[in-house]
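Note sheet for the following structure.
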Amino acid sequence: MTLAFDLNRDDALQQRRAAPADGPGCFGDAADYRAQRILYAARGWIAEQDGITTDGRSLIVLHAHETPPDRRETLVRCFERVLLHAPRPELPALAASLRQAGLSVDEAFSVMGAPAGEVYAAVQGLGRFRSFPAGLRLAPVSPDDDEDAVAAIQELQAESGHAPLPGWTLRGGEGRSVTLALWDAGGALIGCTTLCVVTRPAAVGGGREAAAQLGLLGAPPLWISDVGEAPSWTGMPICTCLREDYRGRGLGAPLQASALREGHERFGIRWFYALVRAGDEIAKRMNARCGLAPHRAEGFLLASAGPSERPRRPAEGRRGSG
């Protein structure tokens with residue numbers, strides 16, 4: 001199996017700053033930049049695949065333990081940064097297989113999740129008891145936002161220790177994401193958060209829905225006894241971060257709660273998941289305040305074609321998920 005995508009097409013031209021709404025708007029270090037360009041060029045192909053999606057900065061392979069080893073290796077070598085999901089008992093063998101193929105593997109992640117109803121109740125309650133201070137304005141990022149506004153969000157993500165998101169994802173990811181930005185009275189960015197759709201119904205030939213896209217990261221009968229089939233929409237909050245002088249004020253949870261609420265209302269999300277780096281107790285507490293709980297049945301690992309990625313900042317300096 002061989003995959004290759006044209007990075008020199010007109011709609012995937014190299015960008016040094018946030019691109020207009022019809023371009024990729026890549027941002028970050030060389031590895032970030034290249035991964036984003038590949039994902040943007042391959043977005044049409046990704047949309048046609050069962051069990052494969054993206055958050056704009058990594059390819060995401062669901063139920064990766066069921067994927068043939070040669071296909072897994074090809075996906076990692078092509079996309080260079082791939083999140084692979086599997087039941088936790090399958091993760092050690094999956095990691096060993098990838099390392100045997102000469103790939104780098106990062107296993108230091110934990111998963112938190114909950115049904116959307118529980119999350120929505122938690123964030124509604126949080127909103128009643130915790131609001132943003134006067135003078136702060138929360139607004140969604142739109143395709144009409146200028147390049148400087150999008151670049152400011154990307155810079156804050158990178159400074160906060162996150163792999164930054166490309167401009168096209170921040171502007172909506174062609175209907176698969178929503179980003180909220182928090183601005184002060186002077187128009188300066190102080191925080192941001194993104195909600196990414198992970199799985200959703202995907203109609204294919206003859207009106208049939210692609211079964212793997214309907215599959216969840218979890219097994220619903222194990223979680224909710226009255227659900228006979230997997231809910232069709234799942235979402236993940238990513239890149240929740242605050243400017244350094246606003247950290248420690250209790251704003252992270254209300255900020256992420258706003259994205260979860262928006263995702264529930266805009267996309268009809270039925271399950272939420274958050275991927276948290278192991279040892280990041282601040283992110284775990286923030287997600288817990290938003291109604292998410294540790295999910296020990298399944299997990300993720302990050303595979304890359306280059307050297308193992310190190311945490312960009314110590315866990316103590318981070319504020320958010322993903």
Side-chain angles (χ1 to χ4, degrees), residues 1-3 28-32 34-36 38-39 42 46 49-113 161-163 196 198-199 212-213 215-219 222 234 236-239 271 273-281 283-284 287 292-315 318 320-322:
M1 176 184 175
T2 302
L3 288 174
D29 62 23
D32 294 329
R34 180 168 174 81
Q36 293 167 17
I38 295 169
L39 288 163
I46 293 170
Q49 307 305 304
D50 285 351
I52 295 179
T53 185
T54 180
D55 62 1
R57 55 186 181 167
S58 302
L59 189 74
I60 301 174
V61 180
L62 303 178
H63 312 290
H65 61 296
E66 299 175 353
T67 304
D70 59 340
R71 178 173 170 82
R72 289 197 302 256
E73 179 182 350
T74 298
L75 289 171
V76 177
R77 296 197 184 282
C78 174
F79 289 94
E80 301 187 5
R81 179 181 290 154
V82 180
L83 277 170
L84 298 113
H85 153 265
R88 292 194 68 83
E90 302 284 350
L91 289 177
L94 181 59
S97 173
L98 293 164
R99 290 191 175 105
Q100 188 173 11
L103 302 170
S104 298
V105 180
D106 183 352
E107 302 175 75
F109 299 98
S110 59
V111 179
M112 300 181 72
H162 296 286
C196 178
V198 179
T199 62
Q213 286 292 342
L216 275 182
L217 308 184
L222 192 65
T234 62
M236 184 178 290
I238 54 178
C239 291
W271 279 74
Y273 293 88
L275 190 59
V276 180
R277 181 160 288 278
D280 190 346
E281 297 302 323
K284 290 178 182 178
N287 280 286
L292 301 173
H295 177 44
R296 296 181 175 86
E298 299 157 287
F300 282 85
L301 52 79
L302 178 66
S304 57
S308 295
E309 295 192 16
R310 298 179 179 179
R312 298 168 189 245
R313 289 184 64 185
R318 302 184 65 165
S321 301

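The basis for the numbers below is simple: all heavy atoms, side chains too, and nothing from hydrogens, waters or symmetry mates. Numbering starts at 1 and runs along the sequence shown.
Side-chain atoms of Leu83 and Leu302, non-hydrogen and from C-beta on, do get closer than 4.5 Å to each other. Side-chain contact between Phe79 and Val61 is absent, with no heavy-atom pair separated by less than 4.5 Å. With contacts defined as side-chain heavy-atom distances shorter than 4.5 Å, the pair Cys239/Arg57 qualifies.
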Extract all donor-acceptor atom pairs below 3.5 Å that involve side chains of residues 88-98 and protein atoms in other chains or at least two apart in sequence.
from: Ser97; atom 1: OG; to: Arg72; atom 2: NH2; distance (Å): 3.2

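Across all their heavy atoms, Arg77 and Ala101 have their closest contact at NH2-O, 2.5 Å. Of all the heavy atoms in Ala274 and Asn287, the pair that sits closest is CB-OD1, 3.3 Å. The nearest pair of heavy atoms linking Ala86 to His65 is CB-ND1, 3.7 Å. Of all heavy-atom pairs between Leu75 and Leu59, the closest is CD2-CD2, 4.1 Å. Nearest heavy-atom pair, Ile238 versus Cys196, reported as atom, atom and distance to 0.1 Å: CD1-CB, 4.1 Å.
Residue pairs satisfying the salt bridge (Lys or Arg N to Asp or Glu O under 4.0 Å) criterion with at least one member in residues 91-100, sequence neighbours excluded, are listed as follows: Arg99-Glu107.
Using a 4.0 Å cut-off between a side-chain N of Lys or Arg and a carboxylate O of Asp or Glu, Asp106 and Arg277 qualify as a salt bridge.
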Inset, instruction - Could you walk me through whether Met236 and Asp55 pass the side-chain contact (heavy atoms from CB on, under 4.5 Å) test, one step at a time? - result: CA-CA 9 Å; Met236 184 178 290; Asp55 62 1; 5.9 Å; no
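Interatomic distance, Ser58 OG to Leu84 CG, rounded to the nearest 0.5 Å: 10.0 Å. Rounding to the nearest 0.5 Å gives a distance of 4.0 Å between OG1 of Thr54 and CG of Leu39.
The aromatic rings of His85 and Phe300 are tilted relative to each other, their planes meeting at an angle between 30° and 60°.
Under a 3.5 Å cut-off, the side chain of Asp32 and the backbone N or O of Asp29 do form a donor-acceptor pair.
Applying the side-chain hydrogen bond (donor to acceptor under 3.5 Å, both in side chains) test to Glu66 and every residue at least two apart in sequence or in another chain returns nothing.
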